[in-house]
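Contents: one structure, followed by commentary.
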Amino acid sequence: MSVDPGARVHPSAVVEHGAEIAAGAVVGPFSVIGARVRLGPGVEVKSHAVVTGDTEVGDETVIFPGACIGEIPQDLKFKGEATRLVIGKRNRIREGVTMNTGTEGGGGLTKVGDDCLFMTGAHVAHDAIVGDRVIVANQGAIAGHCVIEDDVIIGGLSGIHQWVRIGRGAIIGAVTMVTNDVIPYGLVQGPRGELDGLNLVGLKRRGVARSDITALRAAFQMLAQGEGAFQDRARRLGEETESDYVREIVDFILSASDRHFLTPGR
């Protein structure tokens, strides 16, 4: 066990031999820190939280009471192989959140970026890759092998099906089941999620230029109403556009995927 003299560990906490706790970290009452856990500088683990497995928690991340971080995957194929969970810096992981390590078949790594917010009861499953500044609202669930790019918002009680990719800046409404890939900046809502437009509010909040938003609107209409298959429309769009934002959508659609796409309604 390696506990920096500048860390504070409550006497009632259980810190297993082998854990590494950096300067400024705080471990609250009745929490459990496993033998292969590494807590970075300024990390706070509040009371009654569990951090276990081969888990790395980045600087200044806060883990709230009742969270269970780094437990084994909820996957019957998992046979105890060595896998990891890596959490970035300045995340807020609220009460009851669960995050699992990876599986051998999925690459062995579950990864969360920086500056994310996981609200009460959210779940990040094995082998998921979550970008920076992602928000998952209460009881939202990200299934195994998903890729959630930067600046995505997932509404409360929503579920992301395994292997789904969600592009940068997309927003998923509350109580939505997402079964196919979502283009960058897309807006998805409904009991069975439908691509219902663009995340215009998010684009404006980020200060995206009006010309780019106009280009994105036109691109969305072409994807919705153009001739040919969805990928064919995307290829034509890529040949015509000068917008980096539209190019990002085109590249996303034409890249490799294990799922189909949510496509705009005509």
Side-chain angles (χ1 to χ4, degrees), residues 1-72 82-102 107-138 140 142 146-154 168-169 205-206:
M1 180 169 62
S2 174
V3 180
D4 189 278
R8 291 187 288 128
V9 178
H10 193 275
S12 66
V14 175
V15 180
E16 296 180 359
H17 182 74
E20 299 178 14
I21 302 177
V26 177
V27 179
F30 303 104
S31 287
V32 177
I33 308 298
R36 292 176 294 160
V37 170
R38 298 169 300 286
L39 303 182
V43 168
E44 182 177 3
V45 180
K46 293 179 179 286
S47 67
H48 298 86
V50 174
V51 186
T52 188
D54 187 350
T55 297
E56 177 181 335
V57 183
D59 304 4
E60 300 179 16
T61 287
V62 180
I63 299 174
F64 282 72
C68 185
I69 307 301
E71 263 295 357
I72 64 172
T83 59
R84 299 188 297 144
L85 168 64
V86 175
I87 299 171
K89 300 177 180 179
R90 299 176 301 277
N91 291 287
R92 296 296 178 266
I93 300 172
R94 296 303 303 251
E95 298 84 351
V97 168
T98 54
M99 296 183 179
N100 298 152
T101 56
L109 174 66
T110 304
K111 187 175 182 181
V112 173
D114 301 334
D115 300 300
C116 299
L117 170 60
F118 299 89
M119 298 186 192
T120 301
H123 175 63
V124 178
H126 59 87
D127 307 297
I129 304 298
V130 179
D132 299 335
R133 299 174 300 279
V134 170
I135 298 174
V136 182
N138 300 62
I142 299 170
C146 290
V147 176
I148 312 298
E149 295 187 355
D150 297 345
D151 301 302
V152 167
I153 298 174
I154 297 173
R168 183 164 74 107
R205 285 176 177 170
R206 294 177 55 205

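Counting begins at 1 with the first residue of the sequence.
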Contact between [X] and [Y] at the side-chain level, heavy atoms closer than 4.5 Å - yes or no?
| X | Y | result |
| --- | --- | --- |
| V43 | V45 | yes |
| L85 | N100 | no |
| V27 | I33 | yes |
| V112 | M99 | yes |
| L109 | D127 | no |
| V62 | N91 | no |
| N138 | R94 | no |
| V134 | D150 | no |

Between [atom1] on residue [X] and [atom2] on residue [Y], distance to nearest 0.5 Å:
| X | Y | atom1 | atom2 | result |
| --- | --- | --- | --- | --- |
| H10 | S31 | NE2 | OG | 10.0 Å |
| I142 | F118 | CD1 | CZ | 6.0 Å |
| L39 | I87 | CG | CD1 | 9.5 Å |
| I69 | T52 | CD1 | OG1 | 11.0 Å |
| D132 | D115 | CG | CG | 6.5 Å |
| I153 | I135 | CD1 | CD1 | 4.5 Å |

Taking [X] for its side chain and [Y] for its backbone only, find out whether a donor-acceptor pair lies under 3.5 Å.
| X | Y | result |
| --- | --- | --- |
| D59 | K89 | no |
| E20 | R38 | no |
| E60 | R90 | no |

So, for [X] and [Y], which heavy atoms are closest and what is the spacing to 0.1 Å?
| X | Y | value |
| --- | --- | --- |
| P29 | S12 | CA-OG, 3.2 Å |
| E16 | A35 | OE1-N, 3.1 Å |
| V51 | V57 | CG1-CG2, 4.3 Å |
| D4 | A22 | CB-C, 3.7 Å |
| I63 | A49 | CG2-CB, 4.1 Å |
| V130 | C116 | CG1-SG, 4.4 Å |

Report task. Quick one: do I21 and V9 satisfy side-chain contact (heavy atoms from CB on, under 4.5 Å)? Show the steps, please. Result -> CA-CA 9 Å; I21 302 177; V9 178; 4.2 Å; yes
Can you find a side-chain donor-acceptor pair between H123 and T98 that sits under 3.5 Å?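 Looking only at side-chain atoms, T98 and H123 do form a donor-acceptor pair, the distance falling under 3.5 Å.
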Working note: V124 + T110, criterion side-chain contact (heavy atoms from CB on, under 4.5 Å); need CA distance, chi angles, decisive distance, verdict.
CA-CA 8 Å; V124 178; T110 304; 4.0 Å; yes
Can you pull out every ring pair (Phe, Tyr, Trp, His ring centres under 6.0 Å) where at least one residue sits in residues 19-41? Sequence neighbours excluded, please.
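Found F30-H48.
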inquiry  = Is it true that, when you exclude R206 itself, more than 12 heavy atoms of the residues, nucleotides or ligands shown sit nearer than 6.0 Å to its CZ?
reply    =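 Check passes, neighbour count above 12.
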Any chance CZ of R84 has more than 12 other-residue heavy atoms, nucleotides or ligands included, within less than 6.0 Å?
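No, CZ of R84 has 12 or fewer neighbouring heavy atoms, counting only those of other groups under 6.0 Å.
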